[in-house]
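So the structure is just underneath, and the comments pick up after that.
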Amino acid sequence: MKHPAPIAICLLILAVAATLRLSWLTADPPTQPAIGIVWHDEGAWVHNARNRVLWGEWRTDAWNPVFIAPVFTALEYAAFSTFGVGTWQARTVPVVSGLAAIVLLAAGLGAIGGRLAALIGGALLSANYVFVMWNRAALMESTMTAFIVASWAAYAMAERRPRLGLFAGIAVVLAWFTKAAAAFFLGALLLDAIWTLAVWRVHPLRRLLRIDAPSSANVRAAMWTLGGIVVAAGVILAVFVLPHWSEYQFYNWQMTVTRKPSYTIKALMDRASWLPIVHDYFTRMWLVVFLAALAIITIVLRWRTARPAERVLVLWVVLGLSELVVHDAGNERRYVMFIPAFIALAALTLGRSGPAAPRATEPAAASRWTVMPFVFVFAYLIVGSLLRLTQLGEVGRAVRLSAAVATIVSVVLLWRWRSVSDWLSRQQLTAGGALILTAMLVSGDLIQYWQWVRTRTFENYQASLMLGEHLAPGTLVHGKLANGLSLENRIRPIFVGRGFGNYEDRATRDDVRYILTYVAPRVGYEGSVILDVLDAYPNRSIIMTFDVAETATGHDRAALIDKFGATASTNPQTTGRATH
């Protein structure tokens, strides 16, 4: 990257990325179509950081997500301390996280794939519409993903500078403590580091697998990585986890695991079959997913000679998908972490200067039976993400059709495996062709962004401002929506969750006069537990309503309710309408 042209391109990519993320930063997330961002969760997840800046204490009620996301909370606290409490201030953390992920992904790709792959990966991630929009939401996913990318990039660069493995280990632990969903990547990094050391130390294993010993640099990088994991985990355990063990255990196990979806065989099969069907993540970036699947197959084919960072990319995707199957494939926010991985793999395919895969007859090539499960899984992802468009709203029918077509494709590929692998070994895309495909993909994302710009609204931001005009600083307000509407005012929200977060005394908090909840698309849309609070106060009255933006209907409304039906200083049934 010492030549002027690549430097200029990098700066242009970052300028575009920053513009997409910083423009209209207080605007509502997309709702037509939605991409899984729940706007009222922003205030809930920055709750402890807001408390600390405004009231001088981390905990003001029984909802304390600091025990789930201490790193994210610390970063939000830094943002609020520097810029003040507000919507755009809260969103600076994911914005910076997204920009950092672009730089780090390009750095990692440059280390293992060369300059062209680095520029392609940076360009694709900078403009990816879904990633851009999640980088504009004050939620943990962008920051967790940025730490995962940082860990992978450091591991990739450690092949030349082994001590960077220390940062890979530290970054993956920080990803875990940003959001525990990063556990899959910790597993991926541990597996590859331990594999490297095992192959290095166990000579019979090398003879059995017919592979050469790893380089001394890779061995040292694996050691540094394991050391970084141990050191970072030890410090956080001593400073944070053990002193707050009961809260940490409750939030990270009882609240997020045991109360989550069923773990029966049928439930696991359902979630596995839903992966490309119930959301449009893979559909939106279909060509990237196709190129990434091709990269995964080719890396598996040459697994014996693949570089550590390439193996980790494959583990990133495979273990990440496995985590979704085990835990929750229905929540769109869980798919954000795959975007950099798929883009990195696609960039390696587009930017590769040599053959895509070894010939089937080469000694280092894996057999067709080794790649068979990968062929079927990714055939299903690719086929399912397209065929879902023909069966919208018919999940079961889409699953059956996609599985049938994917099975046929997989059987044909495996039947003709030698011809297929020989064909792959001859494929080399020119730099010009790679740049044309990249430009097409970036243009598609920019079109989606422009469509959002044309219809953008600021209703949630304006509703929060109007709430501050009617309630004095320090006013207690019940409900999850109170957290969502707390960033542009100084109310004190009392979160209520199902079995956590002020749940036990939800019907007896007479000291809290007000409730905030949806009245459209339906009462209690944010969660049925708020209905318990409403039922406990039958004499309640609506003080005012606000336009908000959550669903594709365009007619969402929230209401400020007086529990005791007292006459308020504002005109009952006053309507607040946000400007567009």
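- Checked against the 6.0 Å centroid criterion, the rings of Trp152 and Tyr155 do not qualify as a close aromatic pair.
- For the atom pair Thr517 OG1 and Leu531 CG, the distance stands at 7.0 Å (nearest 0.5 Å).
- For the side chain to side chain contact (heavy atoms under 4.5 Å, CB included) with Ile491, the lone residue among Leu54, Leu476, Leu467, Asn483 that qualifies is Leu467.
- For the pair Val312 and Phe185, the minimum side-chain heavy-atom distance is below 4.5 Å.
- In this structure, the side chain of Asn489 engages the main chain of Leu485 through a donor-acceptor pair within 3.5 Å.
- Residue Ala558 comes nearest to Leu481 through the heavy atom pair CB-CD2, 3.5 Å, listed as atom of the first residue, atom of the second, then distance.
- For the pair Ser151 (side chain) and Ile148 (backbone), a donor-acceptor distance under 3.5 Å is absent.
- For the residue pair Val93 and Ala79, the shortest heavy atom distance occurs at CG2-CB, 3.9 Å.
- Checking Phe338, Tyr129, Phe131, Tyr335 one by one against Tyr281, the ring pair (Phe, Tyr, Trp, His ring centres under 6.0 Å) holds for a single residue, Tyr335.
- To the nearest 0.5 Å, atom CD of residue Glu526 and atom CG of residue Asp41 are 10.5 Å apart.
- When all heavy atoms of Ala146 and Leu104 are compared, the pair lying nearest together is O-CD1, 4.2 Å.
- In terms of modelled atom types and a separation under 3.5 Å, the side chain of Arg21 and the main chain of Ser126 share a donor-acceptor contact.
- A donor-acceptor pair is defined here as one N or O able to donate and one able to accept, closer than 3.5 Å; no such pair exists between the side chain of Asn460 and the backbone of Asp28.
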Margin query: Does Thr143 form a side chain to side chain contact (heavy atoms under 4.5 Å, CB included) with Leu75? I'd like the steps, not just the answer.
Written below: CA-CA 9 Å; Thr143 307; Leu75 293 173; 3.7 Å; yes

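- Closest approach of Leu164 to Ala154, counting heavy atoms only: O-CB, 3.5 Å.
- The CD1 atom of Ile13 sits 9.0 Å away from the CG atom of Leu124 when rounded to the nearest 0.5 Å.
- Pairing each heavy atom of Gly113 with each of Leu348, the nearest pair is CA-CD2, 3.8 Å.
- Salt bridge status for Arg91 with Glu42: present, with a side-chain N to carboxylate O gap under 4.0 Å.
- Tyr449 and Thr19 make their closest contact through OH-O, 4.1 Å (heavy atoms, listed as atom of the first residue, atom of the second, distance).
- Looking at Arg492, its side chain never comes within 3.5 Å of a backbone N or O of Gly474 through a donor-acceptor pair.
- At distances below 3.5 Å, not a single donor-acceptor pair connects side-chain atoms of Thr31 with backbone N or O atoms of Ala552.
- A donor-acceptor pair is defined here as one N or O able to donate and one able to accept, closer than 3.5 Å; no such pair exists between the side chain of Asp547 and the backbone of Glu459.
- The CD1 atom of Ile37 lies 10.0 Å from the CD atom of Glu550; values are rounded to the nearest 0.5 Å.
- Inter-residue side-chain proximity for Phe167 and Met157 is flagged as unmet; no heavy-atom pair is nearer than 4.5 Å.
- Judged by distance alone, the side chains of Asn51 and Thr60 do bring a donor and an acceptor atom under 3.5 Å apart.
- If you look at Trp58 and Tyr77, their ring centroids are closer than 6.0 Å.
- Two rings, from His244 and Phe67, have their centers less than 6.0 Å apart.
- Contact check for Asn48 versus Arg59: side-chain heavy atoms found under the 4.5 Å cut-off.
- Counting heavy atoms from C-beta on, the side chains of Leu324 and Trp274 never come closer than 4.5 Å.
- Judged purely by atom type and a 3.5 angstrom limit, Glu488 uses its side chain to pair as donor or acceptor with the backbone of Thr87.
- Residues Phe282 and Phe342 bring their aromatic ring centres within 6.0 Å.
- A 4.5 Å side-chain heavy-atom check between Met133 and Gln448 finds every atom pair outside the cut-off.
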Next item on the list: Please report the C-alpha distance between Ile35 and Arg284 in whole Å, then the side-chain angles of each, then the deciding distance to 0.1 Å, and finally whether the side chain to side chain contact (heavy atoms under 4.5 Å, CB included) criterion is met.
Entry: CA-CA 10 Å; Ile35 57 170; Arg284 285 179 180 272; 3.6 Å; yes

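- Between Trp63 and Trp45, a ring centre-to-centre spacing shorter than 6.0 Å is recorded.
- Contact check for Arg333 versus Val38: side-chain heavy atoms found under the 4.5 Å cut-off.
- Distance CZ/Arg490 to OG1/Thr475: 12.5 Å, rounded to 0.5 Å.
- Side-chain contact between Leu20 and Val16: present, with at least one pair of heavy atoms (C-beta onward) separated by less than 4.5 Å.
- Within 6.0 Å of the CH2 atom in Trp245, the count of heavy atoms belonging to other residues, nucleotides or ligands does not exceed 12.
- Side chain of Trp88 to backbone of Leu22: no donor-acceptor contact under 3.5 angstrom is found.
- Arg50 places no side-chain N or O within donor-acceptor distance of the main-chain N or O of His47, the cut-off being under 3.5 Å.
- Ring geometry, Phe177 versus Tyr248: the interplanar angle falls from 30° to 60°, so the pair is classed tilted.
- Residues Ile530 and Lys480 have side chains not in contact (no heavy-atom distance under 4.5 Å, counting atoms from C-beta outward).
- Note on Asp532 versus Arg498: salt bridge recorded, some NZ/NE/NH1/NH2 to OD/OE distance being below 4.0 Å.
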Item checked: Verdict with supporting geometry, Leu487 and Tyr461, side chain to side chain contact (heavy atoms under 4.5 Å, CB included) -> CA-CA 8 Å; Leu487 289 177; Tyr461 172 75; over 6 Å; no

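- The CG atom of Leu105 sits 5.5 Å away from atom CG of Leu125, with the distance rounded to the nearest 0.5 Å.
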Next item on the list: Give the intermediate values and the outcome of side chain to side chain contact (heavy atoms under 4.5 Å, CB included) for residues Val46 and Phe72.
Entry: CA-CA 8 Å; Val46 304; Phe72 178 73; 4.1 Å; yes

